[in-house]
Asks: 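Provided herewith is a single structure, encoded as structure tokens, for subsequent inquiry.
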There are 4 protein chains.
Amino acid sequence: MAREESKFEWQKSMKLLREKAIEIFAEYGYFQTKISDIVKAANVTQPTFYLYFESKDVLYKEIITDFQTNLEKIIDESVSESNALQNSKETIHVILNRMFNYFSLNPDLTKVGLFESDVPTASKILSQKLKSVVEKDSRFIDEDDIVLHIFIESLIGSIERLTLSALLSEKVESKKLAEEIVNIYFAKEKSVVTA
Amino acid sequence: MAREESKFEWQKSMKLLREKAIEIFAEYGYFQTKISDIVKAANVTQPTFYLYFESKDVLYKEIITDFQTNLEKIIDESVSESNALQNSKETIHVILNRMFNYFSLNPDLTKVGLFESDVPTASKILSQKLKSVVEKDSRFIDEDDIVLHIFIESLIGSIERLTLSALLSEKVESKKLAEEIVNIYFAKEKSVVTA
Amino acid sequence: MAREESKFEWQKSMKLLREKAIEIFAEYGYFQTKISDIVKAANVTQPTFYLYFESKDVLYKEIITDFQTNLEKIIDESVSESNALQNSKETIHVILNRMFNYFSLNPDLTKVGLFESDVPTASKILSQKLKSVVEKDSRFIDEDDIVLHIFIESLIGSIERLTLSALLSEKVESKKLAEEIVNIYFAKEKSVVTA
Amino acid sequence: MAREESKFEWQKSMKLLREKAIEIFAEYGYFQTKISDIVKAANVTQPTFYLYFESKDVLYKEIITDFQTNLEKIIDESVSESNALQNSKETIHVILNRMFNYFSLNPDLTKVGLFESDVPTASKILSQKLKSVVEKDSRFIDEDDIVLHIFIESLIGSIERLTLSALLSEKVESKKLAEEIVNIYFAKEKSVVTA
DNA sequence: CATGAATGAGCATTCATTCAT
DNA sequence: GATGAATGAATGCTCATTCAT
């Protein structure tokens with residue numbers, strides 16, 4: 001028993017460092033986060049950091065990749081779950097619900113993954129996925145590409161901003177937020193009713 | 001003559017430095033912009049920089065304040081111009097039109113002012129101003145504050161994102177973009193018709 | 001049985017570590033050899049290294065001392081073997097033959113021992129020993145010390161360089177090399193004939 | 001006048017740093033030379049070092065290249081000067097004379113350039129140049145390549161070693177040293193007579 | 001005999017900023 | 001108005017070495 005425990009001991013510092021790194025990256029951003037800050041928060045010394053992570057940069061990218069992988073999985077699951085649904089409105093609603101739920105459970109990771117400046121790949125994922133959901137909607141079949149593009153990008157902008165200023169600030173809970181966004185973007189269709 | 005010349009020469013370096021700073025800040029962001037890059041681009045030496053600006057930080061804030069002042073003025077003018085109008089839809093439309101026009105004329109300044117991470121004051125201005133426009137709308141008088149907050153923040157998110165991915169990327173011109181955003185956010189009302 | 005096995009197992013890691021250390025020191029030199037490299041090559045962990053060796057430095061010096069001891073023995077044996085010979089030429093020839101033979105059988109150890117920069121003690125040994133052989137030669141009895149010194153040092157330089165660029169590079173075999181060096185340094189006397 | 005002086009002022013720290021670097025590299029070798037040592041010796045701070053040199057590594061290579069360039073020039077000049085001479089003996093003598101003279105005037109640079117471990121390019125230069133001088137000698141026209149190779153490499157070894165243990169240690173002056181080496185390597189021909 | 005985990009001490013390099021001219 | 005020269009203060013990263021198990 002004790003043996004098995006010690007076998008996973010190595011994860012202790014590593015996990016702790018990663019957690020603290022996420023917290024501090026979330027609060028201060030990449031450039032203002034010093035490795036000395038991270039190790040101080042984790043109560044280890046600098047060389048220990050390099051025992052587990054190649055560099056500050058690599059850790060940062062690992063974290064972001066993590067977030068993106070999760071994000072992608074969530075969207076894909078939502079889409080396949082609501083596969084039977086005919087309109088994109090309901091699919092988007094399911095996606096938003098799950099996504100915001102994930103975001104609120106991982107606020108710091110979300111901050112890092114969604115608002116990192118240099119590599120806006122989370123946005124790219126959102127862009128792709130949402131586009132493939134919405135473009136089948138009858139509402140856009142006669143419109144040109146630009147209108148669809150604007151709709152999607154607008155939606156992503158809303159998601160990003162509201163995640164920060166409503167969800168993670170704990171002003172609005174995820175369910176309500178998803179509902180209201182759907183109400184805005186699918187106003188012409190009949191309103192969503194809260195369960 | 002020599003005197004008059006120097007009258008115009010004066011601050012030549014200062015203007016050039018500020019211009020180059022805006023360009024480079026826009027491309028690389030605050031932390032990845034080195035003063036040595038700015039002065040190199042302006043063909044002066046480092047001490048010259050400190051002749052005109054107190055520090056990197058202060059220059060950055062000056063630039064952002066500049067942008068914010070302009071932004072505020074534009075919104076205020078738009079509001080007073082469309083004062084007679086009864087519904088917020090038209091007012092927002094006018095604001096967006098003018099704002100996007102300004103943005104597309106000052107792409108680099110906009111990038112710096114709108115997407116600087118640390119001090120989201122541009123967003124605050126937008127938030128305040130748009131709120132005061134929209135809250136009079138009949139659509140929100142029966143709703144609670146949260147719904148209004150979400151509407152405003154969603155709109156700001158859309159504006160920010162579309163500024164980057166549609167306007168400054170030159171995929172959509174300002175007029176069209178303003179129109180489409182209004183169509184999304186005021187879908188229940190009758191559609192905007194292009195002039 | 002298990003006991004006997006461990007009797008042979010004992011120092012298995014030690015020998016392996018020393019061997020790998022010699023290889024890596026030979027290839028990369030003292031400063032560019034990391035203990036982590038050595039233990040990796042020996043498939044053990046870092047603390048195991050310190051189980052057998054006090055430090056990197058001490059191991060290095062042990063290796064060099066090893067080489068020097070062997071070198072000294074080889075020269076001494078050669079000298080006593082050719083004790084009867086009247087001229088230094090033959091003695092030198094025997095020394096070179098044996099020495100080069102030893103070098104070519106231990107190329108990595110030779111590289112470390114002969115070309116370590118900081119402590120040129122191998123050279124000192126060569127210097128001493130060769131001097132005591134040559135100084136009895138009639139050729140030098142009337143000359144001043146300087147000429148003898150130059151002769152010895154020149155010979156050592158030749159040995160060192162040719163060890164690297166002819167012997168260990170496998171361009172020339174030890175016997176031929178010894179012969180040619182003698183031909184150069186004892187040209188006035190009648191030429192050595194290959195056996 | 002003062003103006004012209006200040007125009008070359010920038011060379012002051014740079015030259016001083018390079019000089020001190022050569023001294024310290026010569027004494028301690030590349031790996032044991034810290035930039036902090038160099039700047040301390042030159043009485044400047046670390047950033048000043050980077051004002052003039054890209055890195056420790058680049059400076060080191062610059063120094064070595066410097067030495068090699070000079071070495072090459074000296075040999076080439078010696079060769080063309082003694083062009084009329086029929087035998088390689090005299091040419092080698094001239095080369096050695098000039099070379100040792102240069103070495104004794106630049107002892108530290110020579111130590112760095114001639115005994116740097118990683119990049120034995122100085123040796124390569126010597127090898128090439130000396131080979132082209134000697135291979136025309138009647139003495140080698142009937143011999144195989146190996147004998148020539150051994151002769152050259154032996155000579156280089158002698159030069160390197162004696163430079164350190166006779167010339168730079170100030171035991172022998174350059175003229176005498178050149179003469180004695182020639183006496184060793186061209187013993188069959190009639191002896192060189194000191195001027 | 002061996003190792004997982006950790007660290008003290010150091011090192012090259014960078015960058016905003018300043019002073020004398 | 002402008003610059004040549006210099007620096008204080010960090011910061012990321014490395015490596016030999018050790019301790020508890």
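Atom set for the values below is all heavy atoms of this structure, side chains included, hydrogens, waters and symmetry mates excluded. Numbers restart at 1 for each chain; the letters A, B, ... are given by sequence-line order, proteins then strands.
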Asks: If only side-chain N and O atoms of B:Tyr52 are considered, is one of them under 4.0 Å from the OP1 or OP2 phosphate oxygen of F:dG1?
Replies: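 Answer no for this pair, as no side-chain N or O of B:Tyr52 is under 4.0 Å from OP1 or OP2.
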Asks: Nearest whole angstrom, please: distance from the C1' of F:dT17 to the CG of A:Leu51.
Replies: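 It is 14 Å, rounded to the nearest whole Å.
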Asks: Using whole Å, report how far CD of D:Gln32 lies from C1' of F:dA16.
Replies: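 D:Gln32 atom CD is separated from F:dA16 atom C1' by 15 Å.
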Asks: Give the rounded distance in Å between these two atoms: NZ of D:Lys56 and C1' of E:dC11.
Replies: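 About 9 Å, once rounded to whole Å.
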Asks: Mind checking side-chain contact (heavy atoms from CB on, under 4.5 Å) for B:Asp57 and listing every partner two or more places apart, or none if nothing turns up?
Replies: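 Testing B:Asp57 for side-chain contact (heavy atoms from CB on, under 4.5 Å), a comparison that skips the adjacent residues, returns B:Tyr30, B:Ser55, B:Lys61.
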Asks: Between P on F:dG12 and CZ on A:Phe53, what's the gap in Å once rounded to a whole number?
Replies: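 Spelled out: CZ on A:Phe53 to P on F:dG12 is 15 Å.
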Asks: Quick one: B:Phe31 CZ to F:dG12 P, roughly how many Å, whole number?
Replies: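 In whole Å, F:dG12 P lies 13 Å from B:Phe31 CZ.
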Asks: Starting from P on F:dG1, measure out to CG on B:Leu16 and report it in whole angstrom.
Replies: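 Answer to the nearest Å: 16 Å.
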Asks: Enter the distance from D:Thr33:OG1 to D:Glu23:CD here, rounded to the nearest 0.5 Å.
Replies: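 D:Thr33 atom OG1 to D:Glu23 atom CD measures 11.0 Å (nearest 0.5 Å).
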Asks: Please name all residues satisfying salt bridge (charged side-chain N to carboxylate O under 4.0 Å, His left out) with D:Glu62, sequence neighbours left out, ordered by chain then number.
Replies: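 Listed in chain order: D:Arg18.
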Asks: In residues 43-50 of chain A, which residues come under 4.0 Å of DNA chain F by heavy atom?
Replies: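 A:Gln46, A:Pro47, A:Tyr50 - these, ordered by number, are the residues of the stretch whose heavy atoms sit under 4.0 Å from the strand.
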Asks: Could you give the CD1-to-P distance, from B:Ile35 to F:dA6, as a whole number of Å?
Replies: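 My rounded result for the distance is 20 Å.
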Asks: Using Watson-Crick or G-U wobble pairs with both distances under 3.5 Å, give me DNA chain E in dot-bracket, 5' to 3', with [ ] for crossers and | for pairs to another strand.
Replies: .||||||||||||||||||||
Asks: Under the rule for side chain to side chain donor-acceptor pair (under 3.5 Å), what residues qualify as partners of C:Thr48, not counting sequence neighbours?
Replies: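 For C:Thr48, the residues satisfying side chain to side chain donor-acceptor pair (under 3.5 Å) (neighbours in sequence not counted) are C:Thr45.
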Asks: Restricting to side-chain contact (heavy atoms from CB on, under 4.5 Å), what partner residues turn up for D:Ala26, sequence neighbours left out?
Replies: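 Scan of D:Ala26 (side-chain contact (heavy atoms from CB on, under 4.5 Å), adjacent residues dropped) gives D:Asp108, D:Lys111, D:Val112.
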